[in-house]
Every structure is written in C-alpha cells, then in structure tokens.
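The next block holds one structure in the form of structure tokens; read it before the comments.
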Amino acid sequence: MTTNDDDWDCEVDVLVLGSGAGGLGAAAVAATEGLRVLVLEKTEFVGGTTAYSAGTCWIPDNRFQRADGVTDDAEAARSYLDALVGDRSPRRMRETYVRRGTEVIDYLDGIGVRFWPSKKVVDYHPELPGAGMGGRALEPVPFDGRRLGRANFGRVRGPVPEFALFGGTLMLRRAEVNELLRIYEGSLRSVPLALRLGLRWAIDRLRFSRGTRLAMGNALVANLYCHLLARGGDVWFTAVTTELLSDHGRVEGALVTHRGRQLRVRARRGVVLAGGGFAASAERRAQYLPAPTAQFTRAAEAATGDTLALGQSVGGALGPPHDDNAFWFPSSIGRRRDGSTAVFPHIWDRAKPGLVAVNDAGRRFTDEAVSYHRFTRAMYESHKAVPSIPAWLVVDSRTLTKYGLGLVRPHLPALLRKKYQATGYLVTAPTVRELATTIGVDPQGLEQTIIDNNSYARTGVDEQFGKGENPFDRQYGDPEHRPNPNLGPIEVPPYYAIAVVPTPLGTALGLRIDPDARVLTESGAPTEGLYACGNDADSVMAAEYPGAGCQVGSALTFGYVAARHAAQRS
Ligand SMILES: Cc1cc2nc3c(=O)[nH]c(=O)nc-3n(C[C@H](O)[C@H](O)[C@H](O)COP(=O)(O)OP(=O)(O)OC[C@H]3O[C@@H](n4cnc5c(N)ncnc54)[C@H](O)[C@@H]3O)c2cc1C
C-alpha cells in the first residue's frame, strides 16, 4: 500500500512495535532525544521476555571496568568474538556492538536507567582467547515500582513465578537468594535482609498485586517504561499492526487496529521492529529450529515472529541460517498448582556437585556445568548417536536436599517433595538400577556412570569431560566442596531424576540490519524508515552465546542505535 500525506489518523516521530529491552530501550532513547514516541504492544503488558529475564547485559569495555583501570577490554572482546563467531556474522556488526554497547550503558546511566557490574561472572567460552573472567556482565539496579503508580505498575509483565517467592510476587536478586539460603546453614546474618524484604513486600501487598521492589529484567523494563512515560511517550496495549505503510521503498507508518478501530499511524522518523523474535511460534520453531523440535519455551507468548513477517512484507531479508537459529536452555517441564505449565530453565543447578546428566544409554554426554546454551547443543549432538532428548539430571537425596533441582527448592521437606513425584516431574527410586529402569535408561550404563562419577568426585578429576577445570564451571559450583566444586558423589539413597528438554530462550535468526539498525533488503540496501532490534534483528553473534547478557545487551544496543539514527533523520 502506498501512502497519502493527508490521510493519517495520527502522527508520531518514532513508532515502536514491541516493549521488551529492544523496543522500550529504543523508545526511551528516542523520547530522551526529544522525539514523539508511540509504542505498540501486542499484549496487555510491557516487558516481553525481557521481563522474565535476569536482565543481565553483556557489555565489554564498560564504565565499571574503566573505573577499575581496565583499558584493553574492547580489544580482548573483539578477539574473543572473532574466535567464537568468526565469519558467520558480519564483523562490522560485532564491532558496532562492542563500540556502541558501552556508549548505551553510559547514556542510560545518564537518564537514571542504571546497572551494577557482576564482577565474577565468567564468559561462556573461557577456553577462547579474550574471554572475560568477570566484569562484562551488568545487572540492572533494582527499581521501585511505586514510581510508576498503581495503574502503570500493573502494566509491567510479572517475572517467571519460579524465579521469585510467594507465587512470583516477591522478586530477589541472585545475590540475595544466595544470602538467604545461608539461613539453612544456621547463619543469622541474612535475617535482617529477610525481614527487610518481607516487610516491604507485606506493605506493598496492601496496595499492589505484587511486591514493587523489582529486580533483574523486571527492573530494567519498569525503569525504561517509567522514563518513557515521563518523557511524554505513550504505549498502546493489545495493538495489532496489520501492515507497514511505505512510499517508494520508504516506510512511512503502519496500519494498526486498536480498541476496535483501524488507524493509519504515521511515523515521521521511522518504525522500529522489536517484537522479540519467534521462540513462541510452534510453526516457526518447526521451520527453523533443529529436530526434534522444541515443544516448549520460556519466552513470552507473543514472540511469534509477526514483526519479522511485517519486515519481510516491505522487502526486509532474514539473515542467513545459523547453526541452530536459537539460544537455548535445558528446561524441565512441570505443572503449577493452578494447572498451568511451568517451564523451568536449568541455569545454575547443573553445576552443583553430585549431579550427572545422562542419555538413554545411561551415559554422560557433556560436562554438566557448561553454559545452558552449550549443554543443550550437547544434547542435540549426542542425540545423533543415542537418544538424549529428553536427557536426565540424576542426583542423590543429599544433593537434592542441599542444592535443590529445578522446581524442587533446596531443603524442601520430604513430604512436600511428594507432590513433584505424584505429577511425575521428580522420579525417585531406592537404587540406581531401579531409577534407571523407571526413567527408561540403560541400567548398566547408569550404574557405571555413577561409579565413574563417584571415583571422579574422590580424585577431583572428571576424566571424561573435565568438569570443574575451568572458571566458568567453578563459578556456579559449591566453593566449599572439595576437592572439586563441581564434582560430588551420588551415593545416598533414594536417588532422583528430572527430565530436561531443549527450550529456546530466544531466537537468533532475524531481519538483517546494518550498523545503524536499518533493516536490509536481499540486495543489502537499507530500507529507509525501518529499523529492527532485539531478537527481531539477526543475531550479531550468529547463534553463538559469548556470555551472560548478550541478548539483552544486543537489544539495548541496537534499540539505542536505531533511536539515535532516527533522531538524526529529517
Ligand atoms: C528466563 C529467561 C532469562 C533470561 N535471562 C537473560 C539475561 O539475563 N540476559 C540476556 O541477555 N538474555 C536473557 N534472556 C533472553 C532475553 O530475555 C531475550 O532474548 C530478550 O529479552 C529479548 O528482547 P526483545 O526486546 O527482543 O524481546 P522481548 O523482551 O520479548 O519483547 C518483545 C515484545 O514485543 C511484543 N510483540 C510481539 N509481537 C508484536 C507485534 N506484532 N506488535 C507489537 N508488539 C509485539 C511482545 O509482546 C513483547 O512484549 C532470558 C530469557 C529467559 C526466558
């Protein structure tokens, strides 16, 4: 459809589709630059998958490193990304990420959207040159949701219930979780923290549907949303964009259905696609992701790829296929009390001592403590030879009690564990052999695996996969556990197993963009007036996962780049 200047129902400078890190980041920056901004959100909530996330941003050469006197991190990160990604994505895009990512954090800091450094978070490929051993991952500073007022606060998508307390109503930072768990070790140091958080939560609940002290991705989203509103930006909820309107190849606006009306919305400086990719589309997962196709995802429900289709409808091209087109978690699938499905990402628990992951042969197929992305890829790789999807995480009762596993929290009384057993989420048996038979893996194989594991636990050396030999593994192990923080015996009955399956946490295949975040056509020409960021943009990492936060980091970076570019357009 072509456009006619007199024919618009409303006009803004920048129209943003989607309100995750990419969309709200672009919107907040554009509003700060003095532009009129309208965000169209398909659902009733802002935040998308970003609201579910830890909100971690992978930003090399950031302000905190520089303050600590680290001056060579940009160069190190370039070498790291070259080694990891190579020529599978354009180098100039990675260069943009490294160069402008750090600029974004400074800019956001200037408008009150702040981060803290996670100084100990190690990159996901510590074996490669230039890998960061801490300092690149940034965590959003908690945000006081009361600043939004009750109505707008109610518009912020809630967190993953399993990553918060009291049914998802009390959010904690990861450091706080660790601190509170010390109570089980008899430490009273965390009692004041527990009281402070509990009291604030109880007061909040008198007025709000959940605690207003937001952490992680929720804090980031709420802060950006608050800033956007303060700068006069607007969000239309349950808004459906049916068409992008262009004139001679230049995107001018969109046809939008909102509150039962169809409206032609003009975007003078540009339209930003930030719909979060397609992890939640069963159809697109079958089309683009490896077999066996993932049946579940922890991504937000509206990440179905409509915005990619809108981009393609005006000539935008998808990137070249990457290895598996996604970023992965191994997740266990449980059922909540209300009957809904809980997709639980196993991010940290695999690294604890006293756990093995096995395939149908009852054998291990990887170092269990590697990143979730590497672990899931190892599942697919192993599956080529031996059925490994689902794979089974196997522990004994000591490990389960001390560290928990998946939905089963640490120190959960045996009686309460029973509900997980009743639904089949947690499988248990008095012997390793019986456990193997119950979960359908080779009993001899599993027995041998446990014998091997227990011998490695004694020596501290994993002769098969070298678990615990690198700083990445060790960071999520148990530092108190000797001689290897990731290797512990599995010997105290009863034994337990939980099935894990591959689940995309985000997708890597998206619309090709240039260093200004402009969507490119098949011929490589930029589409004037059309930008993409977040998972709607083709991953600059080509489906590799360098370190914690590279998706939120990339979404913010290219959202920022798009907004700054749009602000300079006439
Ligand atoms: C549990 C979990 C933890 C994670 N932790 C991290 C982490 O710490 N760091 C990290 O980097 N990554 C993390 N990820 C991945 C990361 O959260 C996502 O990849 C990233 O947030 C995607 O951002 P986005 O802006 O592209 O999309 P989203 O945050 O998903 O936002 C997209 C928005 O667009 C809306 N939308 C969709 N289609 C339309 C449409 N047609 N019109 C209007 N609106 C539309 C959606 O409803 C949604 O609100 C995590 C993922 C999960 C599931």
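For ligands, and for the atoms within them, numbers begin at 1 and follow the listed sequence.
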Nitrogen or oxygen atoms of [X] and ligand 1 under 3.5 Å apart:
X      : result
Phe45  : no
Ala299 : no
Tyr52  : no
Thr50  : yes
Thr49  : yes
Arg157 : no
Gly22  : yes
Thr307 : no

Identify the closest protein heavy atom to [atom]: which residue and atom is it, and at what distance?
atom                    : value
atom 46 (C) of ligand 1 : Glu41 OE2, 3.5 Å
atom 33 (C) of ligand 1 : Ser19 N, 3.5 Å
atom 19 (O) of ligand 1 : Gln551 OE1, 2.6 Å

Ala21 to ligand 1, any heavy atom closer than 4.0 Å: yes

Proximity flag Phe329 to ligand 1, non-hydrogen atoms under 4.0 Å: yes

Carboxylate-amine/guanidinium proximity below 4.0 Å for [X] and [Y]:
X      : Y      : value
Asp13  : Arg36  : no
Glu544 : Arg377 : yes
Arg136 : Asp61  : no
Asp538 : Arg512 : no
Asp9   : Arg264 : no
Glu162 : Arg409 : no

Identified side-chain contact (heavy atoms from CB on, under 4.5 Å) partner of Thr241 from the options Val265, Leu273, Thr257, Leu310: Leu310

Out of [options], whose heavy atom sits nearest [atom]?
atom                    : options                        : result
atom 41 (N) of ligand 1 : Val160, Thr297, Asp306         : Asp306
atom 7 (C) of ligand 1  : Thr241, Thr56, Leu556          : Thr56
atom 13 (C) of ligand 1 : Cys533, Ser53, Ala300          : Ser53
atom 14 (N) of ligand 1 : Val552, Ile347, Leu505, Val240 : Leu505

Charged tip of Arg174 within 45° of Trp348 ring normal and under 6.0 Å: yes

For Arg474, all residues meeting salt bridge (Lys or Arg N to Asp or Glu O under 4.0 Å), sequence neighbours excluded: none

Interatomic distance, Asn218 atom CG to Arg213 atom CZ [nearest 0.5 angstrom]: 12.0 Å

